[in-house]
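Structure record follows, encoded as C-alpha cells.
So that the names make sense, note that chain A is the first sequence line, chain B the second, and so on, each numbered from 1.
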2 protein chains.
Amino acid sequence: MTDAKTKAAATSAVRGRRSASFLNPGLVLDAAMVIIERDGPDALTFRRLGIELKADHTAVLRHFGSKDDLLIALADRLMEEALASFVPSENWRETLLSLARRIRSAALAHPGVAVLVAARPPRQAEVLRAADAAIGALRQAGLSARDAAMYYLVLADASMAAAAYEAAIVSLDSGAREGDQRAWRRQYLTASPQKYPHLASAAQHLADVNDQDEFETLIGLLLDAVELRAQTHTGNAGETERGGT
Amino acid sequence: MTDAKTKAAATSAVRGRRSASFLNPGLVLDAAMVIIERDGPDALTFRRLGIELKADHTAVLRHFGSKDDLLIALADRLMEEALASFVPSENWRETLLSLARRIRSAALAHPGVAVLVAARPPRQAEVLRAADAAIGALRQAGLSARDAAMYYLVLADASMAAAAYEAAIVSLDSGAREGDQRAWRRQYLTASPQKYPHLASAAQHLADVNDQDEFETLIGLLLDAVELRAQTHTGNAGETERGGT
DNA sequence: ACCTGAACACCGTTCAAGT
DNA sequence: ACCTGAACACCGTTCAAGT
C-alpha cells in the first residue's frame, strides 16, 4: 500500500508532471458511491462517472475492466464498512444480533449499492473475521460444528436477504414506492370481512408495523429458535440424533 | 372480459380484416416470460419483445405504458401462479410451510422474473386469500391479532426475500456465479486455522449445505419460534404482557 | 383503434491515437 | 502507463404518419 504510493510518487517526480495518473480505483469507488446515493442506482454509468471525475467516460475502464468488476469492488467496500468496527461480545446472542444489525445498517445507509451487489459474495478478510465470530458464538450456545455451520448460513443469508429486500424497496423512485405502498394498504384495509375475516381483523395491526421492528422480530425469532435447539441437543446427550451423510 | 372479446371480434368482422389487433397484454406477458427464462432478465427489452411478437418494438407500448407497467404485470402473474393451487391445511404449520414453499418454487421456476419484481407488492386477489389463510393459521396457533399480524409480515417477507435472494444468485450469468462460488469456498476452506479457528472447524460443513436445506431450515426455525411464543402467551394468561400501541 | 418507423437521448465496450 | 475520442451495437420513449 505505502510502497505502491511511494512508487507512484517517484514515477511522477521523474516525469516532472503533477502525477502519472490522476485516477485510481479508490477515487472511482468514491465517485460511484456519491452518484448512487445522490441519483439512485440506475444513475451509475461510465458517462456519469466521467463527468463526476472530470475525465473521459472510458478512462474508468483502465482501472476496472468492466462494470461488473466495479460492482464487485463496491460490494467489498460496503461489507468492509459494515464490519470494520465489529467486535464480538461475550454474550453469543449479542454477537449475532450485532452482526445482523450491522448488515442492515450498511444496506440502508447505501441502499443503491446494496441492491446492486447483494448477490455477490464479498472477497474480504473482514467477512472471514465476522464468520468466525458468528460460528464461535453458535458453538458457545452449545451447537455442534455441523449445526453451527448451517445456522450461521441461515442467519447470515437471512440478514443479507432481508436487508437487500428493504434496500430494494427504498431504492424504487419515490413515486413508484408510494404508489405500491398505498395500493397494498388500501387493498387489505378495505378487504371484505366476509371473504377475508382473519385479514380484516388484523388489518390495522398490519398497517402499524414498521420495518425496523419487523427486522428485529425476524432476528429475534431466529435466535430464539437457535437457542431452543441448542438447549434440546445439550439436554439429549451433547450429540445430535440425526444420522450422518 | 367476454364482452370485450366479443366487441373486438365484431369490430374486426365489420372491418373485414383478420383482427383489429393481433397483440394483447396476455400475449405480451407470455412473450416476456419466454424471453426472460430463455435469455435472462437483461434480455427483456422492447426490441426483443418486438422480434418475439413479430411486431414493431414500439407496438408493445400500446398495451403497457412503460417498462415499469410491464414489470408490475409480471409480478402479478408470478404471484398468481404461485398461489392459484394453494389450499389451507387443517394444521397451521402445514399451511404456513406450504405458502413459503410456493413462493420459493415460483421464484426459482422464473428466477429472472422474480429478480425484476420482488420489490413490487402484487395487486392480486390471490394474495389476499393467502394472507387471510396465513393470519388465520397464526390465530389458530394461539396468537393475538397483533402478534399474528407481525409474524405474518415476518414470515411472508422472509420467504419473499430469501426466494428473491436465491433467484438473484441463480440469475447471474453462469460465469460470474461460478467465479463467485469458487472464490468464496476457496476463501473459507483455506482460511488460517490460527486466525479463524471456528470457521476452519466448520468449513467442510459449510461447503456441504445446499440451498433447499437452508431454506427449509430458515422456515423451520421461524415456525418453531412462533410456536414457542404462542405457547408462552397462552400459558401466561391468554394475553400478551407488553404495553399498548 | 392499433401499428409503423424515424428520431432522440441515452447505454457499455472496443480500439486506434495521443502524451 | 494512462487518457482521449470516435465508433459500434445496443437501450426506453416520443411522435407524426399510416391503415
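For the atom pair CD1 of A:Ile135 and OH of B:Tyr188, the computed distance is 9.5 Å after rounding to the nearest 0.5 Å.
Although no hydrogens or angles enter the test, the distance criterion places no donor-acceptor pair under 3.5 Å between the side chain of A:Arg123 and the main chain of B:Ala183. In this structure, B:Asp69 contributes its side chain and B:Phe64 its backbone to no donor-acceptor pair below 3.5 Å. Put simply, the side chain of B:Arg104 never gets that close to the backbone of B:Leu99: no donor and acceptor are under 3.5 Å apart. Judged purely by atom type and a 3.5 angstrom limit, B:Asp76 has no side-chain atom pairing as donor or acceptor with the backbone of B:Pro122. Between the B:Arg62 side chain and the B:Thr58 main chain, a donor and an acceptor come within less than 3.5 Å of each other.
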Legend entry - Secondary structure string for DNA chain D (Watson-Crick or G-U under 3.5 angstrom, | for other-strand pairs): ||.|||||...|||||.||
Inset, instruction - For side chain to side chain contact (heavy atoms under 4.5 Å, CB included), just list the numbers for A:Arg47 and A:Glu52, CA-CA rounded to whole Å, side-chain angles, deciding distance to a tenth of an Å, and then say yes or no. - result: CA-CA 9 Å; A:Arg47 280 163 178 85; A:Glu52 190 73 22; over 6 Å; no
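Note on B:Arg129 versus B:Glu126: salt bridge recorded, some NZ/NE/NH1/NH2 to OD/OE distance being below 4.0 Å.
In this entry the distance linking NE2 of A:His63 with C1' of D:dC2 reads 7 Å, nearest Å. Atom CZ in A:Arg62 sits about 13 Å away from atom C1' in C:dG18, given to the nearest Å.
Sorted by residue number, the members of residues 41-59 of chain A with any non-hydrogen atom under 4.0 Å from DNA chain D read A:Arg47, A:Ala55, A:Asp56, A:Thr58, A:Ala59. Interface residues of residues 66-77 of chain B facing DNA chain D, ordered by number: B:Ser66, B:Lys67; criterion, heavy-atom separation under 4.0 Å.
When all heavy atoms of B:Ala118 and B:Ala164 are compared, the pair lying nearest together is CB-CB, 3.5 Å.
Side-chain contact, B:Ser105 with B:Arg101: no donor N or O sits under 3.5 Å from an acceptor N or O.
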